[in-house]
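Each chain gets a letter, A, B and so on, in the order the sequences are listed, and its residues count up from 1.
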Number of protein chains: 2
Amino acid sequence: MVTIKEVAEEAGVSVATVSRVINQNGYVSEETLEKVKSVIDKLNYKPNSIARSLYHKTSNMIGLIIPDITNPFFPELARAVEDVAMMYGFKVVLCNSDQNPEKEMKYLDLFKEKYVDGIIFTTQSQESTVYSDLNVPIVALDRIGDTTIPSVVSNNYKGAKKATELLLQKGVKNIAHIRGPKNIAPSEARYHGFIDAVEGKGVNYTISEAEFQLKDAERKAEQFFETHTGIDGIFCSNDTIAAGFLKVALKKGIKVPEDLQIVGFDGSFFGEFIYPELTTVSQPIYDMGAVATRLLIKIIQGNQPEKLLYEMPTTIIERGTTR
Amino acid sequence: MVTIKEVAEEAGVSVATVSRVINQNGYVSEETLEKVKSVIDKLNYKPNSIARSLYHKTSNMIGLIIPDITNPFFPELARAVEDVAMMYGFKVVLCNSDQNPEKEMKYLDLFKEKYVDGIIFTTQSQESTVYSDLNVPIVALDRIGDTTIPSVVSNNYKGAKKATELLLQKGVKNIAHIRGPKNIAPSEARYHGFIDAVEGKGVNYTISEAEFQLKDAERKAEQFFETHTGIDGIFCSNDTIAAGFLKVALKKGIKVPEDLQIVGFDGSFFGEFIYPELTTVSQPIYDMGAVATRLLIKIIQGNQPEKLLYEMPTTIIERGTTR
DNA sequence: TTGTACGCGTTATCAT
DNA sequence: ATGATAACGCGTACAA
């Protein structure tokens, strides 16, 4: 690893001069400029970013905390964050919290130690690790409440309402909503969207619950189809649950979308892998990540965010599980 | 951010003493030990890891370069790397290279600047960015050739052979292999596994090719079923291709697995999301990541790897697309 | 226009 | 057993 000192010696100048040409500030004569530049090239000198960090107390890194990269929702998000971050010269440290507050705390400490310039985090759970008094720019994704932290969310309520209305409009008479876990904010919002779409409309509806996991969804689906008959439309709280219900329905010989229509939520890529393809409420996942990152960088650069809540629109993608 | 100096002042000792209690080396009397410890707790002091890095030229970070976290193969791998790394006190910087040599080089420079202690990388392409003369411990995943770098791979050849033999044994008479891109090593190995399983066995076989992407697979499947009749078994180079072919077959009313059996490769999670569930050759993705990380850490700690090639076994998971 | 010297927070060597 | 101090690589007052 070649240092600024070696460059200085080789160029016959002082380290200060070299520093000046690197950072393009201060005066430096045309002549020495060229000289130093050529030596930098020759030695393939790269300023040591650790030393820089120590001095500046910044690292050009941003920390990203997500529950689990293995959950299909997050890779695209992470990708967006990295793409945008890189575009602005920031690197990304990715951490999987597993929704575990201890882990989250550990990562936050880590981030402070490393002088990360900002933090983006997603928690699907309600209970909050203390993310305030952290003294580092921070943006939340998919998180509500905690009104002091700028957040980027998608419009879960509205998307759910639209999805339910779509089913109704497609002639569904007996509709079900398979809601997600109660402690997860988006799941709650989607539930309310559903309720507000069916209440007072004179339609029969029923509510069940499932985890956001295929196996559990399948179990719940088995039970569901045992105990409920005549259901001709299901709005599921996410695509994983929808996939589970679709699988079981198909297995039972129920015709989709002829006799049963299904709508999921998220716009996960695997919605296109299954047949019939899943109709779903698509979240602009990549955009959410990109917006959050731009917002964070803005804050890092000293600008105040214009608003605290950035709500991104959802889109219905009609595919094979609706008529 | 409280520094070692502040702790020293508060405790009425020198920074050297504080450093000794932190690092548990050198002599320090019982009395001052207690005193310093309590001050550290009181002030919630955490040693600044940047300053440490500057001195030690290590960072307790490892760099991970993958093509694209959005590709379903990689989240699990990344997760494994992070889990194991964390277990040993290392953090992970994740980078998506998009198979782009320029990006790779950029990340490698970045890693050197940041004093990463080691690098794990995956390239599916053959052409090699110069990963040697890097002067940093390094481990390759899913990569062959380039014999100087320790590698962790799964046994693509053998898995493909077994998959093909499974189809044959299940009574397939006219078999097809949909191979992946020619410049991707695993795709090549699987192709040879297939060939060696059918050659000289007196079975009819045919080869087609598709990208590892759903849309392309579907297009190729449409063409395939137009031009080939009587095919009753397909071994696909990965699960994505298999999903595409299955979808199109289902759409065309071909009965799976009665009239057509399909086997994929990878063991991707979405194999269980589709119906019938995909029979596949499962790679121990998590284990591969874990083994690679342990290997890297071993090297970082100064031990030489026992061998240069760690070959992990594949397993056939029989599910709904075979009889 | 250029160079000297100190500070960023930590560790390790060498005195004491 | 403890303290002073150089060093890690860089950036910037300040002096020249």
Quick one: is B:Asn25 getting a side-chain N or O under 4.0 Å of the C:dA12 phosphate, OP1 or OP2?
-> yes
Taken to the nearest 0.5 Å, the spacing of A:Leu108 CG from A:Glu104 CD works out to 7.0 Å
- Query: Is there a donor-acceptor contact under 3.5 Å linking the side chains of B:Ser49 and A:Lys114?
  - Reply: yes
Is the shortest side-chain N/O distance from B:Asn23 to OP1 or OP2 of C:dT11 below 4.0 Å? yes
Mind checking if A:Ser19 touches a base, just sugar-phosphate, or nothing, with heavy atoms under 4.0 Å?
base
Item to check | Residue-phosphate contact under 4.0 Å: B:Thr17 side-chain N/O, D:dG3 OP1/OP2 | outcome: yes
- Task: Please determine if B:Asp83 and B:Arg79 form a salt bridge, counting it only when a charged side-chain N lies under 4.0 Å from a carboxylate O.
- Result: yes
- What is the nucleic acid contact for B:Ser49, judged by heavy atoms within less than 4.0 Å: base, sugar-phosphate only, or nothing? nothing
Checklist entry - Any side-chain N or O of A:Tyr55 less than 4.0 Å from the OP1 or OP2 oxygen of D:dC8? => result no
Out of D:dT5, C:dT4, C:dG9, minimum distance to the side chain of A:Leu54 belongs to C:dG9
DNA chain D nearest-nucleotide lookup for B:Gly12 and B:Lys57: closer to the 5′ end is B:Gly12
To the nearest angstrom, the CD1-P distance between A:Ile4 and D:dC8 comes to 14 Å
Side-chain atoms of B:Ser29 come closest, of D:dT2, D:dC10, D:dG11, to D:dT2
Winner on side-chain proximity to A:Thr3, out of D:dG9, D:dA7, D:dG3, is D:dG9
Heavy-atom nearest nucleotide on DNA chain D taken for B:Ala51 and for B:Tyr27; more 5' hit belongs to B:Tyr27
* **Phosphate OP1/OP2 of C:dT11: any B:Arg52 side-chain N/O under 4.0 Å** => yes
In short, the helix from C:dT1-D:dA16 to C:dT16-D:dA1 is bent end to end, axes from five pairs each side, to 10°, by 50°
